[in-house]
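First comes the structure, then the notes that go with it.
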Amino acid sequence: MYRVLASRGLRAKSLFDKSSTSLASFTPSRLNHSLPFATVDAEEISGAHPAEVQSFVQGKWIGSSNYNTLLDPMNGEPFIKVSEVEESGIQPFAESLAQCPKHGLHNPFKSPERYLLYGDISTKAAHMLALPKVADFFTRLIQRVAPKSYQQAAGEVFVTRKFLENFCGDQVRFLARSFAVPGNHLGQQSHGYRWPYGPVTIVTPFNFPLEIPLLQLMGALYMGNKPLLKVDSKVSIVMEQMMRLLHYCGLPVEDVDFINSDGKTMNKILLEANPRMTLFTGSSRVAEKLALDLKGRIRLEDAGFDWKILGPDVQEVDYVAWVCDQDAYACSGQKCSAQSMLFIHENWVKTSLVSKLKELAERRKLEDLTIGPVLTFTTEAMLEHTENLLQIPGSKLLFGGKPLKNHSIPSIYGALEPTAVYVPIEEILKDSKTYELVTKEIFGPFQIVTEYKKDQLPLVLDALERMHAHLTAAVVSNDPIFIQEVIGNSVNGTTYAGLRGRTTGAPQNHWFGPAGDPRGAGIGTPEAIKLVWSCHREIIYDYGPVPQGWEVPPST
Ligand SMILES: NC(=O)c1ccc[n+]([C@@H]2O[C@H](COP(=O)([O-])OP(=O)(O)OC[C@H]3O[C@@H](n4cnc5c(N)ncnc54)[C@H](O)[C@@H]3O)[C@@H](O)[C@H]2O)c1
């Protein structure tokens, strides 16, 4: 079986290997009828034509009789059947991971040609994603399962492509660059190497169905690990199709396993298969549980309660209002980097900023998915949270706070107008119960707005100090002294500073991840890949010669 599958992998690879013309001839017009890797048509998936999602283990696609039937978030039709592995079916996944030694599939001393192989796979996959038909396929597929505007979904595909372009050619081997330091005597030198962990697991959430899993998966592979990937079943169809594209681009079939399961089953695999490293992206609740279960062998990208501070210098009100709207409400607020809390300096309060923000939020509409279903909070839960906040003295609803109208979003999901609640800064800090209520992450189109006077910056900094999650932040000001003070007194891992500062944006060209936690992971850049997916190994060469006339010295 292994041989058959391996040769299938090789056949797929040879489509490219014949000559570079095979890619060139893969033009949009040829793609009009079908994509050579895809098993679904993003447009056709429906209650009448449900799609099926499979898992992949030990080189083959597998189904199961245990289906998780997903409802179309736009109309409630049962439209995707995810064949989920049950606890009784985890053995092949654990066995497959166990086949990979701790020293990985490759490392600087073993199979170095695989660094080049992954440069080639990245080149081919990037070319594929650059084809308009393929980019459109993934954009639409993302939209079907994690409804967001076409532009937002296309942005995810674009970042994924750019990331792959960054690791073409020799760039994968450069990730494993080592260094050497001269030793104490002739023949001695110490060399520092980036070493893989071997068998690893990746667990990712629903909100970026392509970008998060693909970037982490490739990072793990580049450094020589063998990953088992689990994506939230609500959206795993996207990565299932991407796995097929990667196989088409020459990914060896035995290098990655892909599992669909619920959280409990995945937890069991993690305990039984004992991966050497796990990358978890998702809620803090699950992150903390896994950190204990896995005895710390984990890196985390967890909750975001992301803040933006508008500094004392008021400029470009229209632009800043627009960025605030995008940060808080694009993807219906379901970005881990979404603006959760806006601190407005009194100088901005005198401007039309909030009314402009309201206007921009109110032009969002379901038809183009600039506002849409919320996948992990119901409408009732978000309305109840709003009500609780409005009990705080001095608080008020700035806009929103009502369910969306005229839709067929099923009630298991949320449908809320873009919402902003004002809470006075003194009240936010008054007691820990209020603080916790105000800083609860609502993964939907929801933000807290507060104001501060020029002598109240210490209160703002105190509010930041008390937060638990330190993912993204923005200091919107061109005043270097103000920026210095805020940055010097805070910790968020991805912080934008300057008039054009935003909280969202996880492109492939800068680090994205939390700070202030030794378990914190990163995504996107060479530094993130090296930190998350490799450890340091030092080899001290000491060849000699032993000095002439050397004698056994006294013991020490
Ligand atoms: N920091 C980041 O980069 C980042 C990125 C995206 C999302 N997030 C966060 O993710 C959260 C939203 O996602 P969610 O609510 O779907 O997260 P979640 O924690 O419920 O689920 C994330 C993944 O973990 C799996 N899972 C759940 N329980 C598990 C268990 N016991 N063992 C193993 N796997 C388990 C789920 O099936 C899913 O695949 C938000 O808090 C958001 O801020 C963070």
Side-chain angles (χ1 to χ4, degrees), residues 53 55 68 70 82 84-85 87 90 93 145-146 148 156 159 201-213 215-216 228-236 238-239 258-273 275 278-294 298-306 331-340 374-378 381 413-414 439-444 446 467-473 492-494 503-507 510-517 519-524 528 532:
V53 181
S55 299
N68 177 358
L70 306 179
V82 184
E84 288 192 343
V85 173
E87 290 191 14
I90 67 177
F93 293 89
V145 289
K148 45 178 110 170
E156 197 177 329
V159 168
T201 44
I202 302 170
V203 181
T204 62
F206 74 89
N207 60 340
F208 284 91
L210 181 67
E211 184 183 336
I212 295 177
L215 267 58
Q216 294 294 10
L228 165 62
L229 171 65
K230 180 232 183 299
V231 182
D232 193 312
S233 290
K234 287 197 272 300
V235 301
S236 61
V238 178
M239 243 350 253
F258 172 73
I259 188 170
N260 295 291
S261 76
D262 61 15
K264 197 162 152 264
T265 305
M266 190 60 200
N267 209 147
K268 193 167 156 63
I269 295 181
L270 292 174
L271 289 172
E272 291 188 11
T278 293
L279 177 280
F280 175 79
T281 309
S283 64
S284 297
R285 181 184 61 82
V286 178
E288 293 300 337
K289 177 178 193 307
L290 293 182
L292 284 178
D293 286 356
L294 298 174
I298 193 164
R299 288 260 179 200
L300 303 176
E301 291 262 20
D302 58 345
F305 190 84
D306 309 297
C331 298
S332 303
Q334 295 170 98
K335 296 184 184 183
C336 44
S337 53
Q339 176 178 306
S340 299
V374 173
L375 300 196
T376 51
F377 278 85
T378 59
Y413 298 136
T439 56
K440 180 175 174 193
E441 184 194 30
I442 299 295
F443 215 48
F446 193 92
M467 283 177 193
H468 299 298
H470 304 295
L471 190 55
T472 73
N492 290 35
T494 304
T503 62
T504 58
H510 69 60
W511 168 282
F512 184 90
D517 185 337
R519 305 165 304 177
I523 188 168
V532 174

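Just follow the structure's listing: the first ligand is 1, and inside any ligand the first atom is 1. This structure is a prediction, so every number in the text was calculated from the model and none was measured.
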**Prompt:** Quick one: which ligand 1 atoms are inside 4.0 Å of a heavy atom on Thr376?
**Reply:** 15 (O)

**Element-labelled atoms of ligand 1 that are located less than 4.0 Å from some non-hydrogen atom of Ala303** = 41 (O), 43 (O)

**Prompt:** Tell me: protein heavy atom nearest atom 30 (C) of ligand 1, and distance?
**Reply:** Gly263 O, 3.3 Å

**Message:** For ligand 1 and Asn207, I'd like to know whether there is a polar contact (N/O to N/O, distance under 3.5 Å).
**Reply:** no

**Prompt:** Are the side chain of Gln216 and the backbone N or O of Gly522 linked by a donor-acceptor pair below 3.5 Å?
**Reply:** yes

**Request:** Using a strict cut-off of 4.0 Å, indicate which atoms of ligand 1 neighbour a heavy atom of Leu290.
**Result:** 32 (N), 33 (C)

**Request:** Work out whether the distance between some heavy atom of Phe280 and some atom of ligand 1 is less than 4.0 Å.
**Result:** yes

**Prompt:** With backbone taken as N, CA, C and O and side chain as the heavy atoms from C-beta onward, which portion of Asp302 lies under 4.0 Å from ligand 1: side chain, backbone, both, or neither?
**Reply:** backbone

**Message:** Side chains of Leu290 and Asn267, heavy atoms from C-beta outward: is any pair under 4.5 Å?
**Reply:** yes

**Prompt:** Judging by distance only, is a nitrogen or oxygen of Glu441 under 3.5 angstrom from one on ligand 1?
**Reply:** yes

**Prompt:** Got a protein heavy atom sitting under 4.0 Å from atom 21 (O) of ligand 1?
**Reply:** no

**Complete:** So for Val286 against ligand 1, with non-hydrogen atoms under 4.0 Å, the contacting part is side chain

**Item:** Under 3.5 Å: donor-acceptor pair, side chain of Ser55, backbone of Glu84
**Value:** no

**Asked** Does one side chain, of Thr201 or Thr278, offer a donor that lies under 3.5 Å from an acceptor on the other?
**Response** yes

**Asked** Looking only at distance, does Ser261 have an N or O less than 3.5 Å from an N or O of ligand 1?
**Response** no

**Prompt:** For ligand 1, is Asp262 a contact, meaning one of its heavy atoms is under 4.0 Å away?
**Reply:** no

**Prompt:** Which residue and non-hydrogen atom of the protein lie closest to atom 8 (N) of ligand 1, and at what distance in Å?
**Reply:** Cys336 CB, 3.5 Å

**Message:** If you apply the rule salt bridge (charged side-chain N to carboxylate O under 4.0 Å, His left out), what do you find for Lys234 with Asp232, and how did you get there?
**Reply:** CA-CA 5 Å; Lys234 287 197 272 300; Asp232 193 312; 3.5 Å; yes

**Request:** Counting heavy atoms only, name the option from Thr204, Leu270, Thr281 that's nearest to atom 39 (O) of ligand 1.
**Result:** Thr204

**Prompt:** What atoms of ligand 1 come closer than 4.0 angstrom to any heavy atom of Gly304?
**Reply:** 43 (O)

**Item:** Shortest protein heavy-atom distance from atom 3 (O) of ligand 1, along with the residue and atom involved
**Value:** Glu301 OE1, 3.0 Å

**Message:** Using a plain distance cutoff, I'd like to know if Lys230 has any nitrogen or oxygen under 3.5 Å from a nitrogen or oxygen of ligand 1.
**Reply:** yes

**Message:** Has Gln339 got a side-chain atom pairing as donor or acceptor with Thr503's backbone, closer than 3.5 angstrom?
**Reply:** no

**Nearest candidate to atom 11 (C) of ligand 1, where distance is taken over non-hydrogen atoms, out of Pro213, Ser283, Pro205** = Ser283

